[in-house]
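In what follows, every heavy atom counts, from backbone to side chain, and hydrogens, waters and symmetry copies are set aside.
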Amino acid sequence: MRKGTSILLTATVATSLLAPAAVTAQDQTQLVILSPDAVAALDTEAPGTLVLESMAALVNLMEPLVEFAPAGTHSEGGVHQLDFTSFEGRLAESWEFDPDTLTYRFHLRQGVIGCSGNEFTADDVLYTFARAKSASGTLGPLGWFMFNTGGVAGFTPDVLAPDADRSLGDEVTKVDDFTVDIKVASQRRLFLPVLTDFFVFIWDSKEMQAHATEADPWSHEYATTTNAPSFGPYCLESWTKGSELTAVANPSYYRGPAAIDRIVFRKVPETANRIAALQAGQAHIVQNLTPRDYEFLRQAGNGVHVDSIVGNQFLFLGLSWNVPPFENQALRQAFAYAIPYEEILSTGYGGQATKWEGTVPSSYVGFHRTDAQYTTDLEKAAHLLDEAGFPGGAGLDQYPGVLRLAYVAERESTLGPIATLIQSSFRQIGVELELDPMPQAQFADRVFSKHDVGMFLDDQDKPDLPTAEYALGPFMTTGGPGNYTLFSDPAVDAYFPAVYEETDPAKQDQMLAEIQEIIMATPNWLPIAEYATQWGVRDGVSGLTWHPDLQLRWYDLKVEP
Amino acid sequence: MTGQAVPIAPPTPGRWRAAARARRSPLLLLGGAIVSVSLVLAVVGPAIAPYDPIEPTGDVLVPPPALGDIPSLIAQTIGGSLERPVHWFGTDQTGLDIFSRVLAAPQVDVLIGVAATALALLLGTTLGLLAGYFRGRSAGFIARASDVFQSIPIFVLAMIVVVFTGRSTMAIIVTLAILYTPIYLRLTASEVAAQAARRHVEASRAIGNRELVTAFRHVLPNALTPALVQASVTIGWAILFTAGLTFLGAGVRPPTAEWGGMIASGANLLILGQWWPSLFPGIAISITVFGFAVVGDRLEARFRG
């Protein structure tokens with residue numbers, strides 16, 4: 001009864017907010033998705049692309065050369081899975097690799113018409129590679145980074161030098177209008193996964209060039225603020241900045257028009273309003289709720305269910321390598337044994353998580369469950385603390401401000417209780433932590449750029465490419481672009497780049513397993529939990545497929561009449 | 001001398017007069033009681049709480065006991081037959097006991113309110129005395145500076161200051177003190193200006209007292225009343241403000257027991273039907289602010305005559 005009253009009140013508010021675009025029983029081919037933020041940019045090289053909602057738009061408006069093949073299975077929570085070792089053509093119909101010349105030849109699909117009416121050709125592929133190599137965006141050269149990771153020839157770090165020639169050379173060449181050759185510096189397992197990443201989805205070069213200017217030859221302004229012209233399943237219909245984006249099915253899409261004619265992707269910041277709208281039938285899918293909210297939806301029913309999958313979202317406690325006393329291995333291990341894992345899984349995630357037993361998401365190719373495992377063992381933690389030179393926590397007070405556990409304040413409803421549980425557990429071994437929630441922007445600046453935060457809880461990081469070498473290389477090697485704990489271990493560094501280039505999968509996985517053992521024994525990231533990625537979904541909506549970028553492909557969705 | 005003796009009422013001691021006034025003003029009595037309780041809790045709250053206010057109990061989101069069960073639970077609590085204390089107000093999503101946290105929160109909220117107000121009072125009255133008594137160029141500067149401070153939205157200013165100085169009790173006290181100082185400055189300056197023209201002030205000068213001595217010894221004591229009356233109201237504002245800052249994530253650090261933070265963390269649970277984590281701290285803060293406001297209001301009414 002009490003629940004009913006509060007829901008009714010909130011539903012009334014939400015209904016009034018959402019009424020103009022209500023989904024009616026007659027309008028079966030419109031689907032409304034609610035998210036806490038709005039699409040910020042449609043350029044893959046603009047900072048706004050890092051907003052999850054921007055990614056959602058990009059993966060549906062644009063199209064890749066290749067994609068992971070469906071695994072034919074689904075999670076216990078009803079989400080379709082992909083096979084990360086198998087690929088199927090999208091804009092590329094087929095491809096072959098010549099090991100002698102280290103060249104991939106892609107045969108492109110013919111008769112593909114984009115949202116602007118232009119036909120897809122090899123020129124669009126060359127334009128996409130050239131734009132990535134130009135490193136001309138304001139975000140950072142993520143297109144370049146992806147091709148560099150995939151081992152594409154010519155995408156080397158020296159290209160980024162101030163006076164370097166960044167024009168596309170013979171690494172990507174047009175054989176004819178529908179055939180492209182791509183040379184690689186070395187054969188890497190990562191090459192094809194890289195092509196599935198939205199940072200290198202294919203641009204409609206004619207439309208982009210039509211909006212180029214002398215000052216902006218790569219049309220960043222146009223893509224950031226107006227459209228992402230490509231050959232994807234949906235075309236942009238309208239985009240109200242800060243509020244809503246609507247997309248209509250591309251009638252010429254080469255796989256056939258999408259089942260749902262129109263997608264309304266709307267910002268509704270308040271969790272309560274998203275829940276109420278879903279329950280009231282004003283929306284079909286809501287995302288970015290807390291685990292407790294999803295549990296509520298699960299139990300409430302009301303024509304709503306929750307689809308979930310433990311994919312690549314995880315929680316870890318980061319310890320900065322450059323901040324004393326965290327260079328002390330025994331101290332780090334003591335902390336690892338003091339974390340209340342089970343309480344976090346049950347209290348923090350309501351059971352919708354599993355203990356993370358490695359340093360790579362368990363769904364990724366090359367994941368290895370390490371021999372070294374940490375469970376809550378306060379006695380052992382106390383012993384290690386003693387061994388570290390801080391018996392009962394004594395002596396840690398000589399590092400003022402270091403024992404502050406930072407986390408993103410906007411994630412307080414999920415991370416706050418978890419941080420409190422950790423604080424309470426650490427107190428039992430004599431370590432007095434101070435909790436330090438900080439705004440997202442400040443957290444990103446201090447943790448990812450300045451590296452001046454000693455301890456932090458992070459549950460928003462994920463390697464986009466589902467292979468262990470990608471999850472380890474950029475994040476765990478000295479100077480790696482994602483290595484924001486500044487971890488440095490010569491034994492780990494020694495495996496790179498050999499592990500990228502190993503062509504025998506068994507040997508490669510063996511090397512990756514050895515790296516994961518080293519890191520787990522060290523450890524700089526204290527792995528805590530792999531938690532479920534979840535969506536609240538109206539009954540009758542199906543087809544949710546999990547991709548490592550966490551974004552739904554609207555083309556896969558179906559709505560029962 | 002045979003005349004009938006006229007009974008003469010004994011002189012009423014000051015405290016009896018105060019009690020008599022309070023009896024005539026039930027609101028003042030109520031406000032005074034609330035203020036007294038909150039001040040007592042600010043000192044002993046955490047000590048009398050049944051659970052450690054920042055230690056998870058293991059019971060997550062337990063609702064408060066049903067109304068019908070309360071009498072027997074009280075009896076069992078008094079009789080000592082319960083293994084663990086009752087979660088009278090339930091528990092939150094971390095398993096923290098809300099009743100214990102509501103009791104402990106005045107140690108932060110009321111302390112900040114009282115300390116910030118005291119500091120603002122000290123600064124404001126001193127600057128107000130200088131601005132109102134001397135009326136020179138520096139006085140004008142003080143008044144204009146005060147105008148500038150008052151023109152800035154105080155929540156925005158407070159958040160900026162707290163972001164730069166860090167989330168600590170001291171930072172919030174100093175921020176609030178700076179924000180409230182202009183109120184006391186203006187009140188004191190106008191009262192001092194009125195007092196400065198009085199004869200006793202002239203007399204002080206005439207007998208050769210220095211200006212500063214005159215200002216502090218003969219003007220300030222007579223100009224303090226409006227500021228002192230305002231103090232009670234300001235404490236209420238400060239408590240509300242502290243809660244607001246924490247609600248917005250710029251106040252004290254979690255899991256410190258603080259009403260605003262408790263309301264914030266419980267607000268998201270309302271949609272799930274879990275009303276208790278935010279309701280009880282909400283009631284507590286309302287009652288406390290009401291108490292301080294009533295005391296200030298009644299005192300002001302008495303002062304205005």
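- In terms of heavy-atom pairs under 4.5 angstrom with chain A, the leader among B:Thr94, B:Asp92, B:Asp52 is B:Thr94.
- When the heavy atoms of residues 420-441 of chain A are compared with those of chain B, the residues falling under 4.5 Å are A:Thr420, A:Leu421, A:Gln423, A:Ser424, A:Arg427, A:Glu434, A:Leu435, A:Asp436, A:Pro437, listed by number.
- The contact between B:Leu61 and chain A is made entirely by side chain atoms (from C-beta outward), counting heavy-atom distances below 4.5 Å.
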Donor-acceptor pairs under 3.5 Å, side chain of residues 169-182 of chain B to any protein atom, not counting sequence neighbours: which ones?
unit_1	atom_1	unit_2	atom_2	d
B:Thr175	OG1	B:Ala171	O	2.6
B:Thr181	OG1	B:Ala177	O	2.5

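- In the displayed structure, A:Gln442 atom CD is contacted under 6.0 Å by more than 12 heavy atoms of other residues, nucleotides or ligands.
- One finds the OG1 atom of A:Thr290 at 7.5 Å from the CG atom of B:Leu269 (value rounded to the nearest 0.5 Å).
- A side chain to side chain donor-acceptor pair (under 3.5 Å) check over residues 60-85 of chain B, counting only residues at least two apart or in different chains, returns the pairs B:Asp59-B:Arg84.
- Counting heavy atoms from C-beta on, the side chains of A:Ile275 and B:Leu272 come closer than 4.5 Å.
- Residue-environment remark: CD (A:Gln398) exceeds the threshold of 12 foreign heavy atoms within 6.0 Å.
- Rounding to the nearest 0.5 angstrom, the gap separating the CD1 atom in B:Ile271 from the CG atom in A:Leu297 is 9.0 Å.
- At a threshold of 4.5 Å between non-hydrogen side-chain atoms, the residues A:Arg292 and B:Val60 count as touching.
- For residues 337-356 of chain A, a heavy-atom distance under 4.5 Å to chain B picks out A:Thr347, given by residue number.
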